[in-house]
Amino acid sequence: MRGRVLTTVIASVILIGLAGQAPAAEPELVLADSQSGANFQAYWQKYVIPSIKQSLGITVRYLVTSDAEQIQKAKAWPAGKGDVQILFPKSIATWVSSGVPLETLTPETVPNLSRIDPKFLKSDEGVDLQGKGALFWRTSYALIYNTASIKNPPKSWKEFYDRRAEFKGHIGMVRPDAKSSSGWRQRYVFLHAFLKEKMTRPITELQNDPAFKDAWAKLKDFTQYAKLPMPAEPPNLFEDFNAGDTWISLYAQDYALWSARQGTMPPTIKAVYPEEGADEIGTGYLAVPAGIPAEQKAAALRVVNYLLSDDQQIRLLTTMWQYPGTDITDQAPPIVWEIVPKLDVLMRTAIPRERIRKDIIDYIKANAKDLIP
Amino acid sequence: MRNAGARSEAIVTGTLVLPAAAAFIGLFCYPMFLTLVLSLRPEGTDAGWTLSHYVAFLTDPDGRAVVLLTFGLALAATVLSVILSVPVALALRRKLPGHRAFRVVVLVPLVVPGLIGALGLLIFWGPRGWFNLLLTQVLFLRPLVVTYTLPGLILFYVWLYFPYTCVTTLAALESLDPAIEEAGEVAGASRWQLLRHVLLPLATPGILAGSVLTFMAAFGAFSVPLVAGGNYRPLAVEIYKQIAVPIPPHWSGASAIAVVMGVVQVGFLALYMRAVRRLGGRR
């Protein structure tokens, strides 16, 4: 009897000791994504999430959501008990402006942050990011045109404007009050072509400038040549391309290329970059809410750092033709550049970020009615 | 003794009602109350009270136009759904060959997500969709512009919501005693007279119940007008726009429109039910 008790005690001590030495289980995290389209939602689930599990041992649950919904939920979180640990928002600017506290990311907590061009960490959509976001990817807009209808696409916005009668009723312009950022982007880029460095000025000042009034009048005139009614959201734009109603439109290059391969855009589409700029370079940022448990925060920061690693970043380019957030495009195999232009080509034509102002974006949205014929 | 029995019965009843009451309060009353409170807050703040969101929406001619458009769309969809449902239900009631499959097909719009259904309709009725291909390639007619037009949007609403009226009309017709119809036939009534004086009056409660469901669903329609509405954007899309477009979102503005929508919807429903009761009384 005494021997059995002794054995039990020894076994218990060994088990307790082993349990004490075993590594603590990694917390399970939730990644809320309102940035990715259908192409990248599949990519996250098939490649990225399993890869995080394999490399870091962290289980990540992937949640497709919207910024508005998540912000409202985050506002209702009890302090330190948030249940979403990593954000990949549609608009980091919306989150930073929302008042929901986000973790300040630094090279100490996320070492790969130092591989991102600092100007992308400074601001987005004209909002000061205050170190709350880590650039995961860059996207580019381009003038997407159907070669079946257009043999000689315009090379600049000025040329496009001058030749607008040629494309009457066939220019794809998403409604300016669309949820998709293409709604304001298409107008912003057009205005920029005629205003350039003047776009650094506040709208209160700019709207009284005769040059702005002229550019706005040109934009209003240009919209008369759009395919009507304007598509409510990008799926309608794509359908208009498929129907042959739309021949040309400013849209995201990666998604258009992917869609053509999926059969949801005509296979005959091509891209051209207007010389005054096609976009500011669209962005997708990762963020970590501040109001989450400490152990989950540490794991979330590790995941963010992993997502900025060379392996993950180069995969964006080689698998999905999406430009990485970190500066590693020199590591891409040459075949990639046969499909998409080099990032530096886009950077040369991209609208400088200081010319993308939130107040001008808001002005476009607020005056959407003016821009719907 | 009797008191003790009544008390225990009350406890059992209360225990049974409690989960439903809690669910009603938690899932309906609380969110509605929160929406109401938010609609009265200045935008972006948790303190103070204002009616400015209501004033802004209701004094804006566009706001009133949106309410009218929403009402018009719901009414048109309801009337057309009833007109379509009655013959379909009469045919299904006959249990012709293939009626089981058709009964399932009728329910398809209810089980297909609205957004997918809307995209499918856009493709089918689009300038190069099957409908126009039939017109141009087979019948050698001119193509018809359906998508992004008001009649097109009403057509899409009917596709989406007519199952409500169809199912209730069918249920009403199938619950009728066949002897009543036979009595009419024996009395020498023609098919039309049978329909006009026997079947339709008896099926009216089912038709009206379905029409109420259709009207309510069509009034709150979102996915179809968002994707297929073109420039016709009813209340639900307006609310969505307030949240999805501005940075930061206009939650208070959106809540005020949602409250207006709720009040208008309940108001219309009350009037409708009153009219239905009167109609029932006249019969």
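Reminder, nothing fancy here: chain letters follow the sequence lines and each chain counts from 1. Computed from heavy atoms alone, side chains included, the values below leave out hydrogens, waters and symmetry copies.
B/W251 and A/A68 get closest at one heavy-atom pair: CZ2-O, 3.3 Å. For the pair B/R233 and A/A232, the tightest heavy-atom approach, listed with the atom from each and the gap, is NH1-CB, 3.7 Å.
In this structure, chain B has a heavy atom under 4.5 Å from the backbone of A/P373, while its side chain stays farther away. There is no contact between B/N132 and chain A, counting heavy-atom distances below 4.5 Å. Looking at B/L119, only its side chain comes within 4.5 Å of chain A, counting heavy atoms on both sides. Of the atoms belonging to B/P246, it is backbone heavy atoms, and not side-chain ones, that fall under 4.5 Å from chain A. For chain B, the nearby part of A/A178 is the backbone; its heavy atoms alone come within less than 4.5 Å. Looking at A/K369, only its side chain comes within 4.5 Å of chain B, counting heavy atoms on both sides. Heavy atoms of A/D67 lying under 4.5 Å from chain B are absent altogether. With a 4.5 Å cut-off on non-hydrogen atoms, A/T94 touches chain B through its backbone and its side chain both.
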- Might you work through the side chain to side chain contact (heavy atoms under 4.5 Å, CB included) test for A/E239 and B/I123, ending with a clear yes or no? CA-CA 7 Å; A/E239 195 34 47; B/I123 293 168; 3.5 Å; yes

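Residue A/K75 places its NZ atom among more than 12 non-hydrogen atoms of other residues, nucleotides or ligands, all under 6.0 Å distant. When the shell of 6.0 Å around CG of B/D62 is examined, it contains more than 12 heavy atoms from other residues, nucleotides or ligands.
To the nearest 0.5 Å, atoms OG1 (B/T147) and CG (A/D245) are separated by 7.5 Å. Summarising the geometry, atom CD belonging to B/Q242 is positioned 10.5 Å from atom CG belonging to A/D177; distances are rounded to the nearest 0.5 Å.
Contact count against chain B (heavy-atom pairs under 4.5 Å) is highest for A/Q72 among A/Q72, A/K90, A/E233. Heavy-atom pairs under 4.5 Å with chain B peak, among A/K358, A/K365, A/K179, A/R175, at A/R175.
Judged purely by atom type and a 3.5 angstrom limit, A/N236 uses its side chain to pair as donor or acceptor with the backbone of B/V227.
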